[in-house]
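What follows is a short report on a single structure.
So that the names make sense, note that chain A is the first sequence line, chain B the second, and so on, each numbered from 1.
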4 protein chains.
Amino acid sequence: MALWLRVDPRSPTPVYQQIVDGIKAAVAAGWLKPGDRLPSVRDLAVSLAINHNTVAKAYQELERSRVIEVVRGRGTFVANPGQRPPPNVEERVHKLRDTLRLAWIEAYHLGLAEDAFEEMFHQARDDARGERKEET
Amino acid sequence: MALWLRVDPRSPTPVYQQIVDGIKAAVAAGWLKPGDRLPSVRDLAVSLAINHNTVAKAYQELERSRVIEVVRGRGTFVANPGQRPPPNVEERVHKLRDTLRLAWIEAYHLGLAEDAFEEMFHQARDDARGERKEET
Amino acid sequence: MALWLRVDPRSPTPVYQQIVDGIKAAVAAGWLKPGDRLPSVRDLAVSLAINHNTVAKAYQELERSRVIEVVRGRGTFVANPGQRPPPNVEERVHKLRDTLRLAWIEAYHLGLAEDAFEEMFHQARDDARGERKEET
Amino acid sequence: MALWLRVDPRSPTPVYQQIVDGIKAAVAAGWLKPGDRLPSVRDLAVSLAINHNTVAKAYQELERSRVIEVVRGRGTFVANPGQRPPPNVEERVHKLRDTLRLAWIEAYHLGLAEDAFEEMFHQARDDARGERKEET
DNA sequence: GTGGTCTAGACCACG
DNA sequence: GTGGTCTAGACCACA
């Protein structure tokens with residue numbers, strides 16, 4: 001269980017954020033499909049050897065983003081995309097736009113050529129896609 | 001002075017980081033050119049209505065990244081790129097790659113079409129470039 | 001706790017630098033081993049009768065040099081050497097080379113004989129080694 | 001005049017200290033010999049394009065260390081070694097010892113092998129000696 | 001509990 | 001006047 005999820009407590013990014021990112025990545029890559037059941041908070045906490053509050057916080061965040069759905073008494077599942085549009089989409093798009101802007105700036109300061117960075121961008125798409133390649 | 005720099009004390013990103021990002025952005029956009037003098041630590045602190053230690057921390061971080069240079073007792077200046085290569089380049093490239101991967105994942109969860117996201121990417125490049133358009 | 005660390009507020013070298021040097025020395029001498037837990041920022045501050053920000057600055061510097069590792073919410077630990085190579089190695093080697101050159105010059109002006117200085121050099125090695133004598 | 005002396009205002013080591021180090025190095029290397037006349041404070045200041053107060057401070061420091069001698073109305077000259085022993089020798093020796101100890105620690109953290117560092121030490125001696133090779 | 005950030009105000013070395 | 005350091009005390013995110 002949860003072999004596709006790794007967490008590094010020494011990373012500067014918070015542990016709960018790593019879980020959020022990891023699950024979002026798994027969904028985007030197609031490793032987790034709508035309707036799939038996620039491990040319970042406590043199970044995942046044990047698997048990752050971390051505090052269960054941390055997992056709970058990650059699940060809350062994921063539910064707010066409509067990535068997962070909690071069915072009371074049954075467990076938590078990967079949500080169907082497009083069912084209920086997530087709140088604060090506008091804010092997240094804005095943040096995403098800003099992330100890309102900062103990425104370009106960082107690329108500039110690292111001396112990356114424009115087309116090299118562009119290639120990195122498309123490489124990242126393939127990484128994120130995972131096994132979902134032919135779908136969209 | 002420093003009209004191109006704004007800081008939001010309520011933002012979740014630390015104020016000193018906002019200054020770092022802002023100055024990196026100004027350099028990447030060509031608003032600040034190598035050799036240009038930056039406002040003194042205390043002047044900028046007054047302009048931004050923040051504590052001077054916060055500005056000092058930002059300047060130290062920028063110096064570590066080789067974006068600016070401190071000339072003893074004279075002030076701080078925008079560094080010449082490529083003079084001394086910044087440390088951690090490899091690590092920073094790795095982080096940048098990861099940022100792009102996460103951006104693609106976020107775009108997926110926001111329901112953005114691939115070409116729409118690609119356009120956002122290029123839009124971000126133009127935003128970051130600023131007046132540097134014709135140079136490279 | 002922290003009996004092996006002393007700080008002199010009247011010294012011309014900054015207090016935070018004394019802490020950095022002291023901990024690097026403790027690691028090099030084998031008094032602190034990889035994985036050992038360091039006192040918390042605030043505890044060490046109390047022990048040394050200084051402000052906690054000063055300790056925090058020292059810890060951050062040590063983390064940048066990859067001497068210690070911060071585990072979120074758990075504390076800071078002595079890092080495993082060679083895990084992630086520290087940044088700036090080349091620059092630091094260059095500085096070290098220069099330090100030795102200046103040391104020879106100083107020895108000359110102090111009228112130290114060459115072999116006396118050489119002995120001082122080896123004495124310094126034994127001092128730095130501490131209890132690490134038999135390992136390498 | 002003073003072609004053997006270079007000063008970098010962007011260096012973290014104070015300018016006056018760079019002058020002190022440079023002149024001590026020139027003497028130790030034999031480029032400057034006892035009795036040689038040094039440029040006047042103002043001339044050197046012009047040559048190096050720096051403030052003359054900075055040069056004056058360096059000369060004062062050098063005189064205190066008995067490296068140079070100021071003859072009123074005649075100029076400043078390289079002193080005869082061993083004529084008048086400099087004050088605070090003990091303190092300087094202590095500092096030198098500490099410098100070597102810290103150098104060993106730094107070598108350890110840079111992962112330098114012991115004999116590699118030892119070789120660097122002897123290389124530094126040759127660098128410091130300059131043209132004085134056969135004398136002592 | 002941990003470290004990270006920020007403020008207000010002070011002192012110092014340097015040029 | 002420049003940046004660098006330090007203190008005292010506060011608030012916050014994270015685990």
Backbone N/O of K24(A) and side chain of H109(B): donor-acceptor pair under 3.5 Å:
yes

Should L102(C) and T99(C) be marked as a side-chain contact (heavy atoms from CB on, under 4.5 Å) after you check the CA-CA gap, both sets of side-chain angles, and the distance that decides it?
CA-CA 5 Å; L102(C) 290 173; T99(C) 296; 5.9 Å; no

Side-chain N or O of S40(C) less than 4.0 angstrom from OP1 or OP2 on dT2(E)?
yes

Y16(D) side chain, from C-beta outward: closest of dG15(E), dT7(F), dG3(F):
dG15(E)

Under 4.0 Å between any heavy atoms, over every strand shown, what does I50(C) touch: base, sugar-phosphate, or nothing? Just pick one.
sugar-phosphate

Please check: side-chain N/O of S11(C) versus main-chain N/O of V7(C), any donor-acceptor pairing under 3.5 Å?
no

Mapping Q17(A) and Q18(C) to their closest nucleotides on DNA chain F, which lands nearer the 5' end?
Q18(C)

On DNA chain F, nearest-nucleotide positions of T54(C) versus L38(B): which is more 5'?
L38(B)

May I ask you to say whether R66(C) pairs ionically with E91(B), meaning some side-chain N is under 4.0 Å from a carboxylate O?
yes

Among dT2(E), dT5(E), dG15(E), the one nearest any side-chain atom of K57(B) is dT5(E)

Is it true that D98(C) and R101(C) have a side-chain N and a carboxylate O under 4.0 angstrom from each other?
yes

Tell me every residue that passes side-chain hydrogen bond (donor to acceptor under 3.5 Å, both in side chains) with R72(C), counting only those two or more places apart in sequence or in another chain.
none

I need the L5(A) CG to D21(A) CG distance, nearest 0.5 Å.
10.0 Å

Polar pair under 3.5 Å, donor/acceptor by atom type, side chain N53(B), base dC6(F)
yes

What's the closest nucleotide to the side chain of P14(B) if the choices are dT5(E), dG3(F), dT2(E)?
dT5(E)

Integer-rounded Å distance: dG4(F) P and N51(B) CG
14 Å

Considering only heavy side-chain atoms of R42(B), the closest of dT2(F), dG3(F), dC6(E) is dG3(F)

Can you give the dot-bracket line for DNA chain F, using ( ) for pairs inside the strand, [ ] for pairs that cross earlier ones, | for pairs with another strand and . for unpaired bases, where Watson-Crick and G-U count if both distances are under 3.5 Å?
||||||||||||||.

Expressed as a whole number of angstroms, how long is the span from I19(B):CD1 to dT7(E):C1'?
13 Å

Are the side chain of E69(B) and the backbone N or O of E63(B) linked by a donor-acceptor pair below 3.5 Å?
no

Roughly how many Å is it from CG in L48(B) to P in dA8(E), rounded to a whole number?
14 Å

Stretch residues 60-78 of chain B: residues that reach within less than 4.0 Å of DNA chain E through a heavy atom:
R72(B)

With the side chain defined as heavy atoms from C-beta on, H52(B) is closest, among dT7(E), dG3(E), dT5(F), to dT5(F)

Would you say R37(C)'s side chain and R74(C)'s backbone share a donor-acceptor pair under 3.5 angstrom?
yes

Donor-acceptor contact below 3.5 Å, side chain T54(B) vs main chain I50(B):
no

Can you tell me the distance, in whole Å, between the CG atom of D8(D) and the P atom of dC14(E)?
16 Å

Where the side chain of Y59(B) is concerned, which of dG3(F), dC14(F), dG3(E) is the nearest nucleotide?
dG3(F)

Rounded interatomic separation in angstrom, taking CG from D43(C) and C1' from dG3(E):
12 Å

